Undergrad: 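Handing you this structure, nothing more for now.
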Protein chains: 2
Amino acid sequence: MVTIYDIAKQANVSAMTVSKVINNTGKISEKTRQRVKKIMEDLNYVPNSMARSLVLQETKMLSLLIPDITNPFFTTVARGAEDAAMRLGYKLLFGNSDENLTKEKEYVDMILSTRVDGVLFSAASDLSGPHLQTLRTHRIPFVLLDRAVPGFDCDAVTGDNREGARRLVEHLLALGHRRIAMVNGSLLVSTARERLTGYKDALKLNDIPPDDELILEMSYKQFADEEALHRLLALPSPPTAVFAGNNFIAVGIIRKLLDMGISVPDQLSVVCFDDLGASVIDPFFTVVSQPAYQFGAMGIQLLIERIKGTTTPEWKKLILPSELIVRNSSAPPNAHAG
Amino acid sequence: MVTIYDIAKQANVSAMTVSKVINNTGKISEKTRQRVKKIMEDLNYVPNSMARSLVLQETKMLSLLIPDITNPFFTTVARGAEDAAMRLGYKLLFGNSDENLTKEKEYVDMILSTRVDGVLFSAASDLSGPHLQTLRTHRIPFVLLDRAVPGFDCDAVTGDNREGARRLVEHLLALGHRRIAMVNGSLLVSTARERLTGYKDALKLNDIPPDDELILEMSYKQFADEEALHRLLALPSPPTAVFAGNNFIAVGIIRKLLDMGISVPDQLSVVCFDDLGASVIDPFFTVVSQPAYQFGAMGIQLLIERIKGTTTPEWKKLILPSELIVRNSSAPPNAHAG
DNA sequence: CTGTTAGCGCATTCAG
DNA sequence: CTGAATGCGCTAACAG
């Protein structure tokens, strides 16, 4: 392995001079600078960032922890984070917690020992609190992404879940729906709670009493519980529309409905939070779309500002607006059947 | 920052003893071991992996370089790689080259300075050769993933592109198609060339002369060239089926066809390589599906074997079989129209 | 069983 | 403008 000493020897200078050439610090005569640079190229020298980190006490690495790398929302977040990090001179260490607290803990341990400069953290759930506490104990700056964690005041980039959900449900109400079900992610996740609140807001604004039988708590990762769907549709007064807590839940529901021979939106409207990504043939779902790329990019920016201390001490709370996109999965109740 | 010296002082032992407790090396009395462990916990000690890497000359980090993180094929590869790496005690540094040589070079430089122990490399194109040469010069083990690079003999995990393409086209031929177009990725990518060869194999086996007018070279990233599609369909003897080089090309084509009011498979069959991932509502495409998760998992395994030297010196070439899945995007020509 | 010495590759003092 | 000394946190090799 080529070190600054190898170069120093060849160039008849001290290692220190080489270091200064590399970092453009101090004053070096143009002549020796060129000579050193030439030798660095000839020897294929590459600085050892480990050694550098050790003395500088910074790694120029950030960690991005997301709950589901297969979800296009988080994939796009990752793209945004990656681009921003690279642009600002940082490397990105990805972690995928799989919505799983144990896996998340393993990543937190890894983050600690890797001495990353900061973490962009999308929590598996409210129970991630101790993991955040660990980061804080070790003085590792972090920015929460997408999901808040109760009891933790810190920098955060989130969406306007409550507002978005309200708008989505009001869209259904405007179409004439009155029996609107919500199939949600785990209520241990802040976004799920906020979306539920938005759902109730919309109902209340229209003087419709919420009906607990219409509210299902499942998981953001998938929707597999066919039986629950059956029960929902077999109610004495069944829903005419379903608000899915996220994109994957919506896909799961639609698949089941197809199996059951129920057509959307003719017999049932289905809307959801978050778009489905680039591999969708025919954008079909009426959704509230969030600026996923911006989530990642702004998160990294905030994080780096915090690391460098180029921001005020108060925690920054960035709320990125979502957008209602009406497509073909929603229609007036009994549009065709009635 | 808590170091082994802090612990050593508190425990009235030398730093060396602490190090031995951490690594379970050497002989330490149970009593002092317990005492040291207790203090490590009390002080929230976490080993500094940078310092460790510096002396051990290994980072326990691997790099995964993929060309498109938004493509579900590579997302699934990433999942497989991540799981395998974590299981075997390695961290994974992701990089997304975006099918872009410049970005790829930046990542290679980063990889070099980070001193990762190895790289799982899915090349942007044949022109990635110099980047591989750089890795080799610096003695960083790598395994090629999905895409071969001409002139480079090395470990590799790839698919059976030629066979898969042949089977896919033979499926169309069996349905009665004779005019089959191929819309491919860049021929600078090995998989695109192999798939083209497989396409020609199938035609030849059925005594159909290939027609250059039916073969389009585009990009794996998307299919946006509406005009090319128009020209294709406006040929004196237009195709009755299209073989798309990958999933994204297929999606792009279908979207355009929808816009043009052409229905699939009634008026035109469309098949492709690689599945579309978890966010697809109604699995529609007839595809050749590759075991993406296995690509990542096997790639990491091979890489680690190479790093540890627990494999024979010859380069390992792993070819993972693909599977033809017939769904609803392919049908006999003029199934409904005729 | 435990401690001492030395060095991984680099950058920050502070002298010349 | 350039260099010598020192230490970042850790471990391999050896000495007690």
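Note that this is a predicted model, so its numbers are computed, not measured. Below, chains carry the letters A, B, ... as their sequence lines are ordered, and counting in each starts from 1.
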Undergrad: Inspect the surroundings of NZ in B/Lys9 and state if more than 12 heavy atoms from other residues, nucleotides or ligands are less than 6.0 Å away.
TA: no
Undergrad: Taking atom types as modelled, is there a side-chain donor on B/Lys60 or B/Ser49 under 3.5 Å from an acceptor on the other?
TA: no
Undergrad: If the cut-off is 4.0 Å, is B/Ser53 near the phosphate of D/dC10, judged by side-chain N/O to OP1 or OP2?
TA: no
Undergrad: Give a yes-or-no answer on whether the side chains of B/Tyr293 and B/Asp83 include a donor-acceptor pair shorter than 3.5 Å.
TA: yes
Undergrad: C/dG3 phosphate, OP1 or OP2: any side-chain N/O from B/Thr17 under 4.0 angstrom?
TA: yes
Undergrad: Under the rule for ring pair (Phe, Tyr, Trp, His ring centres under 6.0 Å), what residues qualify as partners of A/Phe74, not counting sequence neighbours?
TA: none
Undergrad: Between A/Glu58 (CD) and D/dC8 (P), how many Å, whole number?
TA: 17 Å
Undergrad: What's the CG-P distance between A/Asn24 and D/dT2, to the nearest Å?
TA: 14 Å
Undergrad: Distance check needed: C/dC1 P versus B/Glu30 CD, whole Å only.
TA: 10 Å
Undergrad: Would you say A/Thr32 reaches D/dT2's phosphate, i.e. side-chain N/O to OP1/OP2 under 4.0 Å?
TA: yes
Undergrad: Which letter, B, S or -, goes with each nucleotide of nucleotides 6-16 of chain C from 5' to 3', with contact meaning a protein heavy atom under 4.0 Å?
TA: -BBBBBB----
Undergrad: What is the distance from CD of B/Gln34 to P of C/dC1, rounded to the nearest Å?
TA: 14 Å
Undergrad: Which whole-number value in Å describes the distance from B/Met40 CE to D/dG9 P?
TA: 16 Å
Undergrad: Give me the atom names and distance for the closest heavy-atom approach of B/Thr70 to A/Thr75.
TA: CA-CG2, 3.8 Å
Undergrad: Which heavy atom in A/Arg306 sits nearest to a heavy atom in A/Lys316, and how many Å separate them?
TA: NH2-N, 4.1 Å
